[in-house]
Amino acid sequence: MATVTTAVNRSFALPAQWRTRLGYFALLAVLAYLVVLPMIRLQSLAFEDGARGYRAQYTRFDIGETIGTTIALALGSLVIAMVLGTLLAFAASRLPQRFGFLRIIPILPIVMPAVANIVGWAFLLSPGPGYLNVLLRKLPWWSGTDSGPIDVYTVPWIIILTGFGLTSFVYLFVSAGMQNIGAEHLEAAQISGSSTVGVFFRVVLPLLRPSLIYGGGIALLLGLGQFTGPLLLGQNYGVKVLTTEMYRRVSESPSDFAAAAAAGSPLVIFGLVLVLIQKGLLGNQSRFVTHGGKSFAPAGGRSLWATVTIVVYALFALIIPLIGLIIVALTPYWSGSLSWDLLTLDNFRALAADSAIMSSVLTSVSTSLAAVLICVPLGYLMATLLVRGRQFKIMALLADLITALPLGIPAVIFGVGFLLTYTEPPLILYGTQTVIILVYIVLMLPYATRMQMTAMLSLGNTYSEASATSGASPLVTNLRVMLPLMRPTVLSAVALMFILLTHEFAASLLVRASTTQVMGTLLFDLWQNGSYPLVAAMALLMTAVTTAGVGVAMLVGGRNVLNKL
């Protein structure tokens, strides 16, 4: 009887390859439900009733201006971010040795929440009470006026601040590309008589083409999907972009999801097209690999301009907006006049005493950590499929598309999609932390996948093949060999995702409820109510929470965690 039972069990046992195939199929089905279904539901709704959503949105008298502002914001911020990001990356490579620690400064603006940066500049450059404007009006050529000379609520300044915010992302890609440039190429150019400027334009930029294309594509997508700046600053003068139009359509009463979906359609289409164009432009990336034993380590000590460039950037990207926040947070009201007698800690005491604010901090941290803990293994599995799943070509292609979608589609669109999907059966999750965690997982999936995939590619197959040859199972190989080797990259991914999620504002604003506020949404409510000193204190609190999270990551993964982003 035992022999018969064993034979029956063996006859129904699936081969290992089929078990792996079914496991990946189930995972892709779950991710498709999370990532693709909200987009499909939005588009189907926009086309209902003879495309009523498109007619409602694109027959408005001001739609041309809205689209024009969206394009101007994307292109303008892209130019600023590409120029500054590339210049900073080159400057970081030319720093004198004793100032090498400055290389981390261009990354630090990522730690400061975008919403905090925006309101910090608003406190400084508001036409009337803005502190920098007050100082500028003391100059002879602007004296005698009651407002200006700078108006932060206009489109040009929204573009400038957005470009500053995107610079760090471009810097990450370009600086990573520079580390792969062989030093012998630069030395050869210098020996042949090229100046620093000549080396930069004739050698460095051509070899940086993959990094520039990828970084520029990411910056363009982020610029098209910008929501924080246009919402907080643009509402004063009625400045509209497609993302704020989506928010307005959903937040009005009654909500018009069809028109909101139609407003976001151009961003979805363009995002998908841009991802395909990126891959086409890059082509065979081996053309840009420089072979040699030396890394990019040009002699330092002479490039004082590099130190000055990074310090000036830190001044405008970090220090000045932080000063604006600190001043307003320490005063009972926001005005153009300052006095030592006005300074107080009452705003911070009010934050500590407000249970809703403390609850928002806990919600932000807990939902962000939960999403990160789920995203890391998901990203690892997706990266494994993309790197080593040659026998599952169709599944690898689907995985590539699914994990790329959230990077090409603005967060506000996913927010609207999740709001529509999870306020109806079969899963009614609106008002719960679960829906926040789910949308966070979707938004972070590209980062978790791409960063771990890069680490796997750099490790190659040697370690995994050696482990398999010694008799270890795939599970043991991943747990005892691959993950320890990838630990720095995994911790960097954790740090980056925690930073981005504690800052997250666009999608959270749409899926939040009064009982599930996160820090960014509560700050927006305070801004809408005109509680500006509390806004400043809340922005500083958000920055402190993110900084603490990065500090923990650095304690666990070493001081170079941010450098590995």
Is it the case that the side chain of [X] and the backbone of [Y] share a donor-acceptor pair, with hydrogens and angles ignored and the cut-off at 3.5 Å?
X: T543; Y: M112; answer: no
X: S77; Y: G163; answer: no
X: S366; Y: L362; answer: yes
X: Q452; Y: V376; answer: yes
X: T86; Y: V83; answer: no
X: T243; Y: Q226; answer: yes
X: E504; Y: A507; answer: yes

So, do [X] and [Y] sit near enough that their side-chain heavy atoms are less than 4.5 Å apart?
X: T432; Y: L429; value: yes
X: P406; Y: V35; value: yes
X: Y380; Y: T449; value: no
X: Y430; Y: T421; value: no
X: M497; Y: C375; value: yes
X: L405; Y: V36; value: yes
X: S360; Y: T521; value: no
X: V518; Y: R512; value: no

Minimum-distance pair of heavy atoms, taken over all atoms of [X] and [Y]:
X: T162; Y: I158; answer: OG1-O, 2.7 Å
X: T516; Y: Q433; answer: CG2-N, 4.0 Å
X: T66; Y: L242; answer: CG2-N, 3.9 Å
X: R249; Y: A56; answer: NH2-O, 3.0 Å
X: T423; Y: L420; answer: OG1-O, 3.3 Å
X: Y58; Y: A262; answer: OH-O, 2.7 Å

Q | Audit row: L88, I310, side chain to side chain contact (heavy atoms under 4.5 Å, CB included) steps and yes/no | A | CA-CA 6 Å; L88 288 168; I310 292 180; 4.1 Å; yes
Give, for atom [atom1] of [X] and atom [atom2] of [Y], the distance between the pair rounded to the nearest 0.5 Å.
X: L501; Y: T546; atom1: CG; atom2: OG1; value: 10.0 Å
X: I409; Y: F414; atom1: CD1; atom2: CZ; value: 4.5 Å
X: I218; Y: L172; atom1: CD1; atom2: CG; value: 11.5 Å
X: L161; Y: T228; atom1: CG; atom2: OG1; value: 12.0 Å
X: L28; Y: L401; atom1: CG; atom2: CG; value: 10.5 Å
X: L231; Y: R248; atom1: CG; atom2: CZ; value: 12.5 Å

Q: Scan residues 34-55 for pairs that pass salt bridge (Lys or Arg N to Asp or Glu O under 4.0 Å), counting only residues two or more places apart or in two chains.
A: R41-E424, R52-D256
Q | From CA spacing to verdict: side chain to side chain contact (heavy atoms under 4.5 Å, CB included), F270, L220 | A | CA-CA 10 Å; F270 187 81; L220 181 58; 3.8 Å; yes
Q. Could you walk me through whether S508 and Y440 pass the side chain to side chain donor-acceptor pair (under 3.5 Å) check?
A. CA-CA 9 Å; S508 303; Y440 283 1; 2.8 Å; yes
Q: Give a yes-or-no answer on whether the side chains of Q43 and S265 include a donor-acceptor pair shorter than 3.5 Å.
A: yes
Q.
Please tell me whether T502 and S368 have a donor and an acceptor in their side chains that are separated by less than 3.5 angstrom.
A. no
Q) Can you list the steps and then say if M444 with V372 is a side chain to side chain contact (heavy atoms under 4.5 Å, CB included)? A) CA-CA 8 Å; M444 292 300 105; V372 168; 5.8 Å; no
Q. Which is it for M82 and T167 under the side chain to side chain contact (heavy atoms under 4.5 Å, CB included) test, yes or no, and what are the steps along the way?
A. CA-CA 7 Å; M82 290 296 291; T167 296; over 6 Å; no
Q | Contact list for residues 25-47, test ring-ring contact (aromatic ring centres under 6.0 Å, His included), sequence neighbours left out | A |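 For residues 25-47: F47-Y54.
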Q. For residues 484-507, which residue pairs qualify under ring-ring contact (aromatic ring centres under 6.0 Å, His included), counting only residues two or more places apart or in two chains?
A. F227-F505, F505-F524
